[in-house]
Visitor: 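Have a look at this one.
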Amino acid sequence: MLSGHAGEILGGFTTTLLLTACAFPLALVLGCVVAICRISPVRPLRIAGRLYVDLVRNSPLLLIAVLLIFGLPDAGVLIPLFWCLVLALGVYFAAYVCETIRSGIRAVDRGQVEAARAIGLPFRRVVLDVLLPQAFRAMVQPLGTILINVALGSALGAAVGVDELTLETRSFNLETAEPILAFAVAACGYLVINLAVSGVVRLVERKVRVLR
Amino acid sequence: MPAPLPRRTALRAGLFAAGAVPLLASCSGGTTRTAGNPAYATLDQADAVARGPVGVDLPETPTLRRIRGQGVLRQSGSVTTPGFGMMNPATGKITGFDIGIAQLLAKYLLGTPEVDTITGGADTREAILQNQSVDVAVCTYTISKSRARLVSFAGPYYVARSGIVVGADGPQVTAVRDLAGKDVAVQPGAAQEALQKACPQARAVVFEESSQCAAAVRQGRVQAWSANTAILLGKAAVDARLRMTLATYGSSPFGIGLPKDDPAFKQIVVGFLQRITADGSWRRLWEQTVGPLVSGPAPEPPRPGSVPGS
Amino acid sequence: MRTDQPLVRLRGVGKSFGSARVLTGIDLDVRRGEVVVVIGPSGSGKSTLCRCVNRLETADEGSIEIEGRPLPAEGAELARLRADVGMVFQSFNLFAHKTVRDNVMLGPVRVRGLSRAAAHERADELLERVGVGAHGDKYPAQLSGGQQQRVAIARALAMEPRVLLFDEPTSALDPEMIHEVLDVMTALAADGMTMIVVTHEMGFARKAADRVVFMAEGRIAESAAPDVFFGSPQTERARDFLARVLSH
């Protein structure tokens, strides 16, 4: 029964991977920008960064997705559904990336920053050369969790017309009335992603472990 | 299995909040017709239910005993399907043909139309019937042989045809085959199923809510929206930017989903359907729900047991 | 630029942390090539004074001038100034994620715009000079405290600073490592480096200082040549302090 639908389900799995692969880097970049705003010496930027995090973290992901999908066209911007969802996931998880970076930065010894400032590094270089690389060590694990959540969050595509794993599974179930089998297959798909991410996180953590 | 249900309900609540966005957007569109969905909002099946029959001398069955023990009929239903089961977010009341059937059934079994609607969606209907999280499923549930392996169906109680809506200046569509290669918005479940069967070359774009399907057509994200004719007529009637095509296709026999292991209870529900078609309750319910959305007189109710799987 | 102009000039500098007054009315001139050792009981404001000079702490009142120019506010100009004012910390603060050599190279490459090759060569020279030339490829955590502090000095020197600030550079070290750091500092002093050194090492103050500044309760209580200060301290406080630190 599965073999007849393997193509669709595999296609859905691929779409889930693609969604994740596009949305996570976006969340990283956006989250970095917001985090830098939040720790910058410029007050309006700090306020804007905080506003972003508060606003996004208090909105359901679905609301953001629907806003982008049905709100943007009314503003004259029609982006394909796939990219709407990528944008929604990116915007949403950027808030969590931002907070992860912030707590990673808090974990860096103050003296490291003072030393960097004392040799005359400008703010930008303090952040890029000293703060972020060290904060990254404390961030690997939570960032891995965010990556997994992006993959799981992409299941929202099923509600907004993106043919990802969950939607294909639902269609399969609709045709065959095999809910347990169908969702077990989907669960396996997400599990594979989860395990792969956990493996990579362990590898990266071993690599960046610092002697103190 | 009952554990995921509250989550699901929460998701639906989110969808309601989200669904308000396209509705608000349509208000700003400057159309002279009334925006929103007043036709759906004014539906009310209470009268038809109040005049429905109460079953007498029903045989004891495990399911009936359970329902009477609960004092309420727990059903898997929809709250996002206009004309069949649509919740008014302001009042919390669900209106439509399906919820009316469920209320009539509750009254038939219990004497009062006490219904508890669980919105499990199309994914979980079989599962929650099997594990007795619900007693019946009345939710545009198309009778099919593969589902009949898992659950019993009493019915059909309604035979739906799918229609096609396009944008006001959208493509010419005279038959379902014209949808080949086009992006077509559908809600999950019966509509998606019917489209995939009638035109596999169409690209189904699944949205949870009818308002989202409508917005997707208006915004040009999809070229067409296919659903039950009742839903489409209701929507197209109030939105100048949507155009109902003449094409209809398929026939989806909706049945009442029941637990597989209680054949005596199925006989009770079949008896109920025969009773309400005979005494005019079915027609009254149709006239108070689907009727106002579609034109023409009430159709003949289908004969229970007339399709494979029932 | 007149050579008799002080390199560092503080006038009326004061600072509070909340309601706690830590510095009051500090006047201090440091001439080019002068080594000023700041001593005093803990909590007397020595470290804060030192950190105010490169604006890691901001003075609430008074003025601080480096080569006649007042300290700029936070921003690019302050960063440029800090490059000219080296600092060595009590807890070394070597960049934990960079090798010893990269620690020394970072400033020259990012701030001075040196090529990596040139910075590499210069870093190795400096590491050799402070006696850790063999450890360039190691990470800070692989070095002893004394070695780390010498790397920190090399890192500061790599910027070719006009003045070097030392904030209790040996306080976090095991006793047997203190001398290797003090030796490097003494050699720097002999080479004519302008230095402000906050320390508890009286031996270093006696041997290397041109002037000893004694602080108590956020004020400069005495300021004199080391033999004068240690020979005949003028204030009761200084006598008490010396009696305590020299008794063991």
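Throughout, protein chains are lettered first and strands after them, A, B, ... in sequence-line order, and every chain is numbered starting at 1.
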Visitor: May I ask you to decide if V111(C)'s main-chain N or O and R125(A)'s side chain share a donor-acceptor pair within less than 3.5 Å?
Guide: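 Flag not set: sc R125(A) to bb V111(C) has no pair under 3.5 Å.
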Visitor: Tell me, side chain or backbone of F95(C) under 4.5 Å from chain A's heavy atoms, or both, or neither?
Guide: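 F95(C) touches chain A through backbone and side-chain heavy atoms alike.
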Visitor: So, are R21(C) and E61(C) salt-bridged, with charged N and O less than 4.0 Å apart?
Guide: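 Yes, this pair counts.
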Visitor: Looking at Y139(C), is its backbone amide N or carbonyl O close enough to the side chain of Q142(C) to form a donor-acceptor pair, meaning the two atoms are under 3.5 Å apart?
Guide: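 Pair found, side chain donor or acceptor close to backbone of Y139(C).
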Visitor: Is any NZ, NE, NH1 or NH2 atom of the basic residue among D102(C) and R155(C) found under 4.0 Å from an Asp or Glu carboxylate oxygen of the other?
Guide: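 The answer is no: the pair does not qualify as a salt bridge.
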Visitor: At a heavy-atom separation under 4.5 Å, does D109(A) approach chain C through its side chain, its backbone, both, or neither?
Guide: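 For D109(A), the contact with chain C is made by the side chain alone.
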Visitor: For residues L7(C) and R162(C), report the shortest heavy-atom separation together with the two atoms involved.
Guide: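 Minimum heavy-atom contact is CD2-O, 3.4 Å.
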Visitor: In terms of heavy-atom proximity below 4.5 Å to chain A, should V85(C) be classed as side chain, backbone, both, or neither?
Guide: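 It is the backbone, since no side chain atom gets that close.
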Visitor: Using non-hydrogen atoms and a 4.5 Å limit, figure out which bit of R112(C) sits close to chain A: side chain, backbone, both or neither.
Guide: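 The answer is neither part of R112(C).
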Visitor: Between R110(A) and chain C, with a heavy-atom cut-off of 4.5 Å, which part of the residue counts as in contact: side chain, backbone, both or neither?
Guide: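 R110(A) touches chain C through side-chain heavy atoms alone.
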Visitor: Between L165(C), V88(C), L106(C), which shows the greatest number of heavy-atom pairs under 4.5 Å with chain A?
Guide: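 Heavy-atom pair counts peak at L106(C).
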